[in-house]
Structures are given as structure tokens and as C-alpha cells.
Amino acid sequence: MASTGGAHPPPEGGSGPDPQTPVLRINQLDAFELDSALDQLVWNQFSQCFQHFRPGLLTPVEPELKALLQLLLWRFTVYPNSATVGQSMMNLRYHNTLSLSQRYRALSRRQRLGLALLTVGPRWLTERSHSLLLSLGLGLGGSPPADGGLRLGLRRVLSLITGLTQVANVINFLVFLRKGRHPSLTERILGIRAVFTKPQAVRDAAFQYMNRELLWHGFAEFLIFLLPLVNMRKIKTTMYSLLYPLGVGKGGEEGVREGSAVWKECGLCGEWPTMPHMVGCGHVFCYYCVKSHSIADAYLTCPKCGVEVGEAKAVKLQMEMTDVHTR
């Protein structure tokens, strides 16, 4: 059976889309988000083809190239199938509401062309408006031309049309939230709306599965909230003191007698101590290590022995000079 305007004929039988079945608002909004993400992805892939060329090569014609890519997507999605890529992923397609039939009707040729014009045209005009105003001498801050009255009036008309369009979009979106149809002003103007491509199957989810999913998500959110509040360094010190209890509580000269190994590495970074300082126990730390950790943690403890860090004092060593006589 031939179709009008090149569109595929609607499926026959009970498996076809039912225009009377309401479409969830979230499905329609998700379809818009998917289409926007696809446009951005296509543009990124296209611009990467010119990444080794002169910088800024595509900038002068960027609005026209984006419009051309959007028209290519429209040609291979909406034109033959009456559905965008996002709608196809959400099991949706456009229905001609101007038809008096109660069954599904694909978009007419005029509606498909109007959808392309009203979708691509405003985006191109928004990105190119600044250059157009400058070419007409209507840029902000410029000196008024000879026929400044006419051009100034034109700029005001353009600003008024833009403002009215934005207000109309807001009102249309509020109506969409109330009634669940026509999320964009373009769909309302052209008389089209989204319907399901195939009948929605009943989703039967077991109670045990839903309960497990809800419990896991709640536990994950609790961990995300709890982990930043946990002092992992203090836990590590406590575990170290439990495993090596002999090292806890040594301070002053007793800690120094543990051996010369404590003087060869910082207790925090493990490197050779830079500007060595002690904090009340027998272990040595870099000055910047102990200061930065003390600022981050007001109750910092020594990671080696668990002693609470006190005031950092520079290490003073006594050196003995011996004469070595060479025979």
C-alpha cells in the first residue's frame, strides 16, 4: 500500500500504536534529552575530524554546519519514520493529531518539513543572530548609522519576538506538565504528538527483587554519607596499636632508644625527614608533613605509636667530635 509523502505506512492490526494510550511525561522529556545528546555527540565527532587543521577553522561557519548535521539526522529519522532517534529508543513516534481518524496516522509531508524548519531554524538563528546584527550595524555599543531609526526599530522587534517566544515556551511547558501532551511549542503548532510505537507490555517485577534493590540503594546512599565522616587515619592507628601494643605509649627518651631507624624516615611520608620535628613521642616527622596533617586533623595521632600529636619541636642532636690520627 502506498504511503503519503514518502512515509512508511502505519502497521495494521492490533499490534500498531494506539493514539489513545497516554505517554508518560518522563518518556517524552527523556526523548528530548537523548536527541540533544545525540546532536552534541555528532558535532563532537565531526569537529574531531578537523582537530589537526588550523585552530578556529570551523568557527566562522559553525552554526551552518550544526544546522546541516541536524538536517541530515532529520532526513534519515523523522522523514522516513516519523520519529527521532530519542523517540525510537523510548518506543515513541509522532502521530498526526490533525487527522480525524481514531487510528494512528503518520506525519504528512508538510508536518515533517515544518518540524525540520521549526527545529533547526530557531537554533541557527539564535547562534547566528549576533553576526547578523553586526552586519546590519545593530551591534550593542556601536555608533548609530544614518538610518538608525529603522535599524533600531528592527532590533527592538527582534528582541520582542525573542521574548514572546520564550514566554510562549514557558506557558506551553506548564500546560504540558498539566495535561501531558506537546512538550514543545513546535509540536503544538504543527498538530503532532508522541504516541507509543508498540503496545506497552506489563512489567512484572518480583517483590523480593524490588525489596533487594531498594535496600541496596539505601545502603549505598548511607555509605556515601558516612565515609567522608570517618577518620581513616585514626582507625589505622588504632588497629596498629592493637596489633603492636608494645609500641604504644613510648615517648621522650624511651622512644628515642628504639633505634636509629626512627631518625631515617618520616612517620607520615616514609621518606628521609626534611627539617625533622618531634611531636611528643620518639618518632620523627617532616616539618611540612606534621603541620599539614595537623591542620587537616585537629586530633592527629602518631601513626606509629598512637600518641596524640602535640606541639612540633625541632630535633636537636648532640654531636661528638673525635680526632682521628693517621699514622
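- The salt bridge (Lys or Arg N to Asp or Glu O under 4.0 Å) test applied to Arg123 returns Asp39, not counting sequence neighbours.
- The hydrophobic cluster containing Val61 also contains Leu69, counting ILVMFWY residues as joined when their side-chain heavy atoms lie under 4.5 angstrom apart, directly or transitively.
- With Thr119 contributing its side chain and Ala116 its backbone, the two residues share no donor-acceptor pair below 3.5 Å.
- Between Leu38 and Leu34 there is no side-chain heavy-atom pair separated by less than 4.5 Å.
- Here the side chain of Arg93 pairs no donor or acceptor atom with the backbone of Ser82 at under 3.5 angstrom.
- For the residue pair Gln40 and Asn44, a side-chain donor N or O sits within less than 3.5 Å of a side-chain acceptor on the partner.
- For His182 (side chain) and Ile192 (main-chain N/O), a donor-acceptor pair under 3.5 Å exists by modelled atom type.
- Connection of Val284 to Tyr287 is not established within any shared hydrophobic cluster, with ILVMFWY side chains joined at heavy-atom distances below 4.5 Å, either directly or through further cluster members.
- The two atoms that bring Ala168 and Leu185 nearest to each other are CB-CD2, 3.8 Å, heavy atoms only.
- How far CG of Leu177 is from CG of Asn172: 9.5 Å, rounded to the nearest 0.5 Å.
- Checking side-chain atoms of Arg110 against main-chain N and O of Leu190 turns up no donor-acceptor pair under 3.5 Å.
- A chain of hydrophobic side-chain contacts below 4.5 Å, direct or via other Ile, Leu, Val, Met, Phe, Trp or Tyr residues, connects Met89 to Val42.
- For Phe46, the ring-ring contact (aromatic ring centres under 6.0 Å, His included) partners are Trp43, Phe50, not counting sequence neighbours.
- At a threshold of 4.5 Å between non-hydrogen side-chain atoms, the residues His95 and Phe196 do not count as touching.
- Taking hydrophobic clusters as Ile, Leu, Val, Met, Phe, Trp and Tyr residues chained together by side-chain heavy-atom distances below 4.5 Å, Leu65 shares a cluster with Leu73.
- Checking side-chain atoms of Trp74 against main-chain N and O of Arg112 turns up a donor-acceptor pair under 3.5 Å.
- What you find for Arg75 and Pro80 is that their closest heavy atoms are O-CD, 3.2 Å.
- Within a 6.0 Å sphere centred on CE of Met275, other residues, nucleotides and ligands contribute more than 12 heavy atoms.
- The SG atom of Cys49 sits 7.5 Å away from the CD atom of Gln45 when rounded to the nearest 0.5 Å.
- A distance-only check finds no donor-acceptor pair linking the side chain of Asn96 to the backbone of Arg105 [under 3.5 Å].
- Between Val195 and Pro19, the shortest heavy-atom contact is CG1-CA, 3.8 Å.
- Rounded to the nearest 0.5 angstrom, His283 NE2 and Leu268 CG are separated by 11.0 Å.
- A distance of 7.0 Å separates CD in Gln87 from CZ in Phe32, rounded to the nearest 0.5 Å.
- Grouping the Ile, Leu, Val, Met, Phe, Trp and Tyr side chains by contacts below 4.5 angstrom, directly or via other members, places Val85 with Leu92.
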Worked check of side chain to side chain contact (heavy atoms under 4.5 Å, CB included) between Val175 and Arg188: CA-CA 11 Å; Val175 175; Arg188 189 175 298 275; 3.6 Å; yes
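- For the pair Lys66 and Trp124, the minimum side-chain heavy-atom distance is 4.5 Å or more.
- Across all non-hydrogen atoms, the minimal contact from Pro183 to Gln28 is CD-OE1, 3.2 Å.
- The minimum heavy-atom distance between Ala194 and Val23, with the atom names listed, is O-CG2, 3.4 Å.
- Within 6.0 Å of the CG atom in Leu229, the count of heavy atoms belonging to other residues, nucleotides or ligands exceeds 12.
- When all heavy atoms are compared, the tightest approach of Leu72 to Phe76 is O-CD1, 3.1 Å.
- Of the inter-residue distances, the one linking Tyr104 atom OH with Thr21 atom OG1 reads 13.5 Å to the nearest 0.5 angstrom.
- Among Glu187, Arg193, Gln111, the single residue meeting the side chain to side chain donor-acceptor pair (under 3.5 Å) criterion with Tyr94 is Glu187.
- Residues Leu115 and Thr186 are in side-chain contact: their nearest non-hydrogen atoms beyond the backbone lie under 4.5 Å apart.
- Between Leu107 atom CG and Tyr79 atom OH the span is 11.5 Å, to the nearest 0.5 Å.
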